[in-house]
Amino acid sequence: MRRDRDGIDVSHWEGKIDFRKVKEAGIRIVYIKATQGSDIVDPEFERNYRDADREGLHIGFYHFVTARDLAEAKEEAAFFYEKIRGKNQHARPAMDFEQFGNLTRQEIRDISVHFLRELRRDFGHRPAIYTDSSNASTTFDDDRLREYPLWIAEYGVTKPDMENPWRRWSGWQYTDRGRVKGISGRVDRDHFRDEILYRE
């Protein structure tokens, strides 16, 4: 079995990134924020993709969900897919749903399932779910979601709490205060297992 791969996840908050230095620092997988809601594209999405792809890094994209009903979930999945289709990518597209407003747990789960199913239908591969350890065990504890690989966030621990329906993580964001050459400030650091990839 291959060892876990070092990774980062980035958006416009990291500014201009030197991906050559990032690769030289040992990073192998980079998740790039692509979209948010149904009409927002991350300002650094295209440049981050172009520069990371040029360096031969394994690339994945994530979408920040703001949907409040099933129709909006469908719209957001289509918007995300439209922006990432045709791009070189090796890691599963990921759903980042963390701001719930007044939604009930059941509504959150239903929106998540709808978004992921729409994306899977369009993309042809199972997407991944990004969430923190607390929400993995209390908000997303739905059998319909277990088929989607889990990218879990938990900081300051030697391993994440997996008392949740998945029992095994595919990605682990272990700090939001990491340092990597090529990035001037702090950056999220991750470990990724092979199952976060849909192809080599």
Side-chain angles (χ1 to χ4, degrees), residues 4-11 13 29-38 40 42 60-70 72-74 76-77 79-81 84 89 91-120 123 125-178 186-198:
D4 299 343
R5 305 173 191 227
D6 287 332
I8 57 174
D9 55 276
V10 300
S11 69
W13 292 110
I29 297 178
V30 55
Y31 261 93
I32 297 168
K33 182 178 181 181
T35 48
Q36 178 172 329
S38 60
I40 298 173
D42 187 87
F61 300 111
Y62 73 92
H63 172 85
F64 191 91
V65 172
T66 63
R68 291 299 177 260
D69 58 39
L70 299 187
E72 291 181 358
K74 181 177 181 179
E76 291 192 22
F79 176 62
F80 180 34
Y81 173 70
I84 66 174
Q89 48 195 304
R92 301 175 187 275
M95 177 191 75
D96 177 1
F97 191 7
E98 56 186 88
Q99 293 183 0
F100 307 132
N102 295 322
L103 294 171
T104 65
R105 282 204 306 168
Q106 191 59 50
E107 288 170 333
I108 295 165
R109 295 166 178 172
D110 289 345
I111 287 169
S112 299
V113 168
H114 202 61
F115 177 91
L116 291 163
R117 285 178 176 171
E118 288 289 320
L119 188 59
R120 181 176 187 176
F123 196 70
H125 301 276
R126 284 181 301 145
I129 297 174
Y130 166 83
T131 190
D132 61 75
S133 60
S134 176
N135 279 312
S137 61
T138 60
T139 304
F140 296 107
D141 55 335
D142 186 312
D143 285 343
R144 297 174 297 170
L145 296 171
R146 282 192 303 174
E147 65 181 288
Y148 301 102
L150 177 66
W151 174 15
I152 195 167
E154 188 172 9
Y155 311 148
V157 294
T158 56
K159 61 182 180 179
D161 177 8
M162 293 304 295
E163 291 299 316
N164 58 54
W166 285 269
R167 302 297 178 184
R168 175 178 169 84
W169 55 266
S170 298
W172 171 25
Q173 185 187 85
Y174 60 90
T175 182
D176 62 351
R177 300 182 61 78
R186 306 284 186 176
V187 65
D188 296 339
R189 295 291 305 266
D190 305 90
H191 293 307
F192 290 110
R193 291 173 169 159
D194 282 355
E195 53 260 38
I196 204 72
L197 304 173
Y198 66 85

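For clarity, every value in this text was computed on a predicted model and none was experimentally measured.
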_Restricting to side chain to side chain donor-acceptor pair (under 3.5 Å), what partner residues turn up for Gln99, sequence neighbours left out?_
none
*Might you point out which heavy atoms bring Leu145 and Ser112 nearest each other, and give the distance in Å?*
CD2-CB, 4.2 Å
*To the nearest 0.5 Å, tell me how far Glu195 CD sits from Leu150 CG.*
10.5 Å
*Tell me, please, which residues at least two apart from Asp188 pass side chain to side chain donor-acceptor pair (under 3.5 Å).*
Gln173
_Below 30° counts as parallel, above 60° as perpendicular, anything between as tilted: where do the rings of Tyr198 and Phe123 land?_
perpendicular
*Are Tyr130 and Phe97 close enough that their ring centers fall under 6.0 Å?*
no
_I'd like to know if the side chain of Arg177 reaches the main chain of Val187, judged simply by a donor and an acceptor atom lying under 3.5 Å from each other, with no hydrogens or angles considered._
no
_side chain to side chain contact (heavy atoms under 4.5 Å, CB included) for Leu116 and Arg126? Distances and angles first, verdict last._
CA-CA 8 Å; Leu116 291 163; Arg126 284 181 301 145; over 6 Å; no
_Audit row: Asp176, Arg189, salt bridge (Lys or Arg N to Asp or Glu O under 4.0 Å) steps and yes/no_ = CA-CA 6 Å; Asp176 62 351; Arg189 295 291 305 266; over 6 Å; no
*Hey, does the Lys NZ or Arg CZ of Arg146 hover above the aromatic six-ring of Trp166, less than 6.0 Å from the centre and inside 45° of the axis?*
no
*Without hydrogens or angle criteria, can the side chains of His63 and Glu76 be said to hold a donor-acceptor pair below 3.5 Å?*
yes
*Should Trp151 and Asp190 be marked as a side chain to side chain donor-acceptor pair (under 3.5 Å) after you check the CA-CA gap, both sets of side-chain angles, and the distance that decides it?*
CA-CA 9 Å; Trp151 174 15; Asp190 305 90; 3.0 Å; yes
_Shortest non-hydrogen contact between Asp4 and Trp169, atoms and distance_ = OD2-CH2, 3.4 Å
*Any ion pair linking Arg117 and Glu147 (charged N to carboxylate O, less than 4.0 Å)?*
no
_The criterion is side chain to side chain contact (heavy atoms under 4.5 Å, CB included); which residues satisfy it with Ser11, sequence neighbours excluded?_
Trp13, Glu14, Lys33, Asp42, Tyr62
*Between Ala94 and Phe80, what is the shortest heavy-atom contact and its length?*
O-CE2, 4.0 Å
_Rounded distance (nearest 0.5 Å) linking atom OG of Ser133 with atom CD of Glu163_ = 11.0 Å
*Evaluate whether atom CZ of Arg167 has more than 12 neighbouring non-hydrogen atoms of other residues, nucleotides or ligands under 6.0 angstrom away.*
yes
_Donor-acceptor pair, distance only, cut-off 3.5 Å: does the side chain of Arg92 make one with the backbone of Pro127?_
no
*Looking only at heavy atoms, which two atoms of Asp142 and Pro165 are closest? And how far apart?*
N-CG, 4.4 Å
*asked:* Just verifying a value: how many Å separate Arg68 CZ and Phe100 CZ, rounded to the nearest 0.5 Å?
replied: 9.0 Å
*Distance (rounded to the nearest 0.5 Å) between Ile152 CD1 and Arg168 CZ*: 13.0 Å
*State, with a plain yes or no, whether a side-chain heavy atom of Asp132 is found less than 4.5 Å away from one of Tyr155.*
no
*How many angstroms lie between atom CG of Asp9 and atom CG of Asp96, to the nearest 0.5 angstrom?*
9.0 Å
